[in-house]
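Notes for the one structure printed next.
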Amino acid sequence: MEKILLIGGGGHCESVIDSIMGNSSFEIIGVLDTPEKVGETISGIPVIGVDEDLQKWHNKGIQNAFITLGSIGHTQLRQKLFQQAKELGFSFPVIKDKTAIISNRTTINEGTFIGKGVIVNASVEIGKLAIINSGAIVEHGSTIGDYCHLAPGSTLSGNVNIGKSTHIGTNTTIIQGIEIGKETIIGAGSVVIRNIGSFKIAYGNPCKEATNE
């Protein structure tokens with residue numbers, strides 16, 4: 001069994017640990033987090049160091065890593081940690097929970113997490129380091145950009161296009177053919193029936209872009 005190093009603690013880390021252990025896909029050697037958490041455990045996995053220790057662990061022969069820091073609307077730290085680890089030579093597998101249902105005719109890029117009860121249908125493309133959280137549904141022909149986060153219970157009908165680093169809130173429904181831009185936040189429980197631009201905050205039923213008025 002290959003070994004893997006997790007980068008970032010917290011609730012999302014617990015979810016990833018549970019999925020990895022449920023699949024017996026990797027041996028988790030530990031978590032890197034902030035200095036004050038070193039020596040603690042997350043779901044039974046020890047916090048063995050800080051982000052600056054990445055080089056040390058790669059030198060020890062650890063080849064696989066996974067970003068277990070979550071995101072809600074801001075993905076800069078996830079991106080920074082990923083780039084640092086990639087430059088050191090780490091590989092980032094896709095982690096899929098054993099309960100997820102995923103079409104064989106879909107593309108999922110490196111470092112992405114597919115959580116419990118997720119359904120991904122045919123001809124879907126998911127970018128790198130995305131989080132597809134518990135119970136999300138991604139229907140046929142949809143595209144999800146790098147670093148996106150679909151929160152629990154999100155539903156994307158067919159041929160939806162989500163831009164890079166966008167957050168889709170819990171229990172949001174997006175009808176077929178909709179496009180949502182990059183670095184946008186869609187509030188929880190929204191019903192998206194029209195396109196939403198980039199760098200926006202939008203919410204409601206029907207979902208509308210927030211204004212400064």
Side-chain angles (χ1 to χ4, degrees), residues 3-23 25-58 62 64-86 88 90-100 108-118 126-136 144-154 164-172 183-188 201:
K3 296 180 179 181
I4 193 167
L5 180 67
L6 306 184
I7 307 170
H12 181 58
C13 185
E14 292 185 66
S15 297
V16 176
I17 289 171
D18 195 66
S19 293
I20 291 173
M21 295 177 72
N23 284 331
S25 49
F26 291 94
E27 177 188 349
I28 305 170
I29 65 161
V31 181
L32 300 184
D33 203 11
T34 53
E36 64 271 16
K37 292 186 179 180
V38 175
E40 297 181 3
T41 60
I42 301 173
S43 295
I45 302 298
V47 179
I48 57 175
V50 296
D51 301 341
E52 289 75 15
D53 294 331
L54 279 167
Q55 180 71 72
K56 178 183 76 174
W57 287 102
H58 193 267
I62 305 303
N64 299 295
F66 200 84
I67 305 297
T68 46
L69 175 74
S71 69
I72 300 178
H74 301 287
T75 64
Q76 290 89 344
L77 184 53
R78 282 174 57 81
Q79 294 185 47
K80 178 182 176 182
L81 292 170
F82 171 69
Q83 291 300 331
Q84 287 177 347
K86 284 290 287 186
L88 293 172
F90 282 97
S91 297
F92 283 78
V94 173
I95 302 296
K96 307 173 188 177
D97 193 89
K98 65 182 180 181
T99 64
I108 304 173
N109 285 285
E110 62 179 336
T112 283
F113 174 67
I114 309 291
K116 285 182 168 54
V118 168
I126 302 175
K128 64 186 178 184
L129 257 78
I131 300 172
I132 313 300
N133 232 326
S134 305
I144 299 169
D146 297 342
Y147 309 107
C148 282
H149 182 177
L150 303 190
S154 304
K164 176 182 175 181
S165 297
T166 282
H167 179 87
I168 305 298
T170 298
N171 287 331
T172 290
E183 297 187 39
T184 283
I185 299 174
I186 304 296
I201 296 175

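A salt bridge is absent between D146 and K164; no separation between the charged side-chain nitrogens and carboxylate oxygens falls under 4.0 Å.
Nearest heavy atoms, A130 versus G145: CB-O, 4.3 Å. Closest approach of I45 and G30 over heavy atoms only: CG2-CA, 3.7 Å. Of all heavy-atom pairs between S15 and F113, the closest is O-CZ, 4.0 Å. Of all the heavy atoms in V50 and T34, the pair that sits closest is CG1-C, 3.9 Å. Smallest separation of non-hydrogen atoms from P93 and A65: CD-O, 3.5 Å. Contact detail for S19 and D97: the closest heavy-atom pair is OG-OD1, 2.6 Å.
Side-chain contact between N133 and L150 is absent, with no heavy-atom pair separated by less than 4.5 Å. In this structure, F90 and I62 have side chains that are in contact, with non-hydrogen atoms separated by less than 4.5 Å. L5 is listed as a side-chain neighbour of L54, based on a closest heavy-atom distance under 4.5 Å. The closest side-chain heavy-atom distance from I20 to L6 is below 4.5 Å. Side-chain contact between Q79 and L129 is absent, with no heavy-atom pair separated by less than 4.5 Å. In this structure, I168 and I144 have side chains that are not in contact, with every pair of non-hydrogen atoms separated by 4.5 Å or more. I131 has its side chain within reach of R78: a pair of non-hydrogen atoms, C-beta onward, lies under 4.5 Å apart. In this structure, D18 and K116 have side chains that are in contact, with non-hydrogen atoms separated by less than 4.5 Å.
With hydrogens and angles ignored, the 3.5 Å screen pairs no side-chain donor or acceptor of S134 with any backbone N or O of P152. Side-chain atoms of T68 come within 3.5 Å of backbone N or O of G8 as a donor-acceptor pair. Not a single donor-acceptor pair under 3.5 Å links the side chain of T184 to the backbone N or O of T166.
More than 12 heavy-atom neighbours from other residues, nucleotides or ligands sit within 6.0 angstrom of CG on L88. Environment of NZ in K98: sparse, with no more than 12 heavy atoms of neighbouring residues, nucleotides or ligands closer than 6.0 Å.
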Go through the steps to decide whether F26 and K3 satisfy the test side-chain contact (heavy atoms from CB on, under 4.5 Å), and finish with yes or no.
-> CA-CA 5 Å; F26 291 94; K3 296 180 179 181; over 6 Å; no
Pair L69-H12, side-chain contact (heavy atoms from CB on, under 4.5 Å): steps then yes or no = CA-CA 6 Å; L69 175 74; H12 181 58; over 6 Å; no
Is there a side-chain contact (heavy atoms from CB on, under 4.5 Å) between L32 and D51 once you walk through the steps?
-> CA-CA 6 Å; L32 300 184; D51 301 341; 4.2 Å; yes
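Y147 contributes atom OH, which lies 11.0 Å from atom CD of E183 (distance to the nearest 0.5 angstrom). Between the NZ atom of K128 and the CZ atom of F92 there is a distance of 10.5 Å, given to the nearest 0.5 Å. The distance from the CG atom of N23 to the OG1 atom of T99 is 9.0 Å, given to the nearest 0.5 Å. Separation of atoms OG (S91) and NZ (K86) is listed at 6.0 Å; rounding is to 0.5 Å. Rounded to the nearest 0.5 angstrom, Q84 CD and I67 CD1 are separated by 8.5 Å. In this structure, C13 SG and D33 CG are separated by 7.5 Å, a value rounded to the nearest 0.5 Å.
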